[in-house]
Structure formats: structure tokens, C-alpha cells
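First comes the structure, then the notes that go with it.
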Amino acid sequence: MTRHSDFTVTLLGTGTPVPRADRFGSATLVEAGDQKLLIDAGRGATIRLFQLNVPIGRLDALFITHYHSDHTSGIPDVWLTGWLESFFGTRETPMRVIGPTGAKVLMSKLAEAYADDIKIRLADEKLPPEGVATSVEEFNHDGVVYEKGGVKVIAFEVDHGDLIKPCYGYRIEYGGRSAVISSDTRYNENVIKYGKGADLLVHEVAAVRPELMREAYIQRIVGHHILPRDAGRVFAQTKPKLAAYTHLVLLNDAKIPPLTLDDIVAETRETYSGPLQIGEDLMAFDIGETITVRPFRY
Ligand SMILES: [Zn+2]
Ligand SMILES: [Zn+2]
């Protein structure tokens, strides 16, 4: 596969728990130099990697932002499918997983849950046991969590709600450039702190018509996320070369339709006038002197 840049961020899944076919669960691929980092593995992450011809078994590390299932339900698939003997799998060394406190329990319980599959494939397919092992690193505060071959990843805590902890965003630095992934968060000063000077800032967003805001359950959901005009305030203070939306929480009910993407842009424009892109699945951002947006061609 031809590489467009030595530093590319690709949105694999720009959705939420809603099982839409066009917006898969949260997952973002970062390619920096010869390394491939996956941030979250929501529903369908393996399918998106396969569409990009990225071998699932050859990821350098998986980073987890938080433990909501829309960010983790694809992990067993990435882990076990990446182990299969195939052109897309064939992992022969332990899968490296880095996440806030909770990553070790998650991965060890997954190993328990899939013990029969692992036992069968070891015996029947003679797959290497090291390839299904995991190497898990946990952290519990802001700081560098990965450093290898000129790629540095810094975790920073964000605010996804009082009961949704831990939750972290990531700043990835390579060759003097940087990309920041907000994770799920409401308006948060730490995103501004770690997002400052970033080339690319990928932020979550939630949008809802005012008449639906009367509903208590809608208020609860919105309270865990950021509205476009507040995301605009984050972008205006961080001034990235490009701001992009992912994890589009588009709320509606039987009578009230969701806001459109144009509405989201218009609402963001109330507080931010810089470069802005609404993400879609498999949209890539090549980070060079400038940032090139490359929608996927099916
Ligand atoms: Zn989420
Ligand atoms: Zn979440």
C-alpha cells in the first residue's frame, strides 16, 4: 500500500453505541514512521483495518481511552483475529495494550472468556502461544505512556462525567508534529492544555435540537459530552492546524429528528472560525507541513 505521509491519523470508527453501518464504534489508527498504533477498538475495528490493508496482527500497541463498551467491544476481535495464521493476522509476539487502570483486568478476563478458543487453536492450528499473550501497561495520571523510535504518546485525563472514570485522551508526537485525540469528554481544560499547538485535534461532539433538551435522559447524555459551540471554544483556544470531529452523538427521538452535519458546523461557527472537518469512517489525515484530508474511496 502506498503511504501518503509518514504521519497519518485515520478514523476507523466515528460512531457511538448506536449500531450504524456507516459509523462504526470508536477506533482511530495512528501511523507514524513504521509504527501503527490503535486508539480504542470499538465495534468493527478489524473490518476497518482490513479495508485499509493494515495487518491486524502487526499493530505496535493498542491504547484504551476508557472502559465504555463502544470503545472496547472490538478488542477481543483485534486480539484473537490478529493471531490467526493469515495475511491479515499472524501475530507472533504478545499484543501490547496500554490503558488507564482497568486494562489488566479487562485483558485477563478476556483471556478467561476465550480460553476454549485459545486452547483449541493452540492444539489444532499450532498457533504460537506468544502471539495470543498480552503485555498490559496501566497508568493513573497524566504523562508519557509510550516512547519508541521517535514516537511519543502522552496520556491526559479528561472529563467524561463524575461516574465515568478513568477517562483519558492521548497526544501523539512524531517528527515535530502532533495529533491529539480527545476521547469522550465534556468541555475540559486539559484538552486545551494538551491540545495547544497540535497539528490535528480530533474531538468528540454531541448535538441535539433544543426541544429535545427538555428530556432528562437527553440531558444526562449531553452532560457526558460536548456541544458544538463548546467544542468550538476548545478549538478557538488550542488553534490546531485542523480540528476534526469524531464520535458523533446525534440525538433524536421518534418525533424530533437529529441535527444535520451542517447544523453541527453552523453551531461550531458561533465560537470558532478556523479549519474544521467533520470526520467519517476511514477518513485519513496526512500530517505534513499542512494537513491533507483524504476521504476513503470504496
Ligand atoms: Zn463513547
Ligand atoms: Zn464513553
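Quantities reported herein were computed from a predicted structural model and do not represent experimental measurements. Read the numbers this way: they start at 1 and go in the same order the structure lists the ligands and their atoms.
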For Tyr245, which of Thr14, Val265, Val202, Thr268 qualifies under side-chain contact (heavy atoms from CB on, under 4.5 Å)?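 The residue from Thr14, Val265, Val202, Thr268 that satisfies side-chain contact (heavy atoms from CB on, under 4.5 Å) with Tyr245 turns out to be Thr268.
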Presence of N, O or S from His160 under 2.8 Å of the Zn ion (ligand 2):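 Checking His160: at least one N, O or S atom is under 2.8 Å.
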His203/His247 aromatic ring centres below 6.0 Å: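 For His203 and His247, the ring centres are not under 6.0 Å apart.
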Please report whether the ring centroid of Tyr168 lies less than 6.0 Å from that of Phe156.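 No.
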Does Ile256 share a hydrophobic cluster with Leu227, counting links as ILVMFWY side-chain heavy atoms below 4.5 Å and allowing steps through other members?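 Linked within one cluster.
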Sub-2.8 Å protein N, O or S atoms surrounding the Zn ion (ligand 1):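 Protein N/O/S atoms under 2.8 Å of the Zn ion (ligand 1): Asp70 OD2, His71 NE2, Asp184 OD2, His247 NE2.
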Minimum heavy-atom separation for Phe7 and Ile172, please, with both atom names.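 Distance-wise, the nearest heavy atoms are CZ-O, 3.8 Å.
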Within-4.5 Å side-chain heavy-atom neighbours: Val9 and Thr28: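 In short, these two side chains touch, coming nearer than 4.5 Å.
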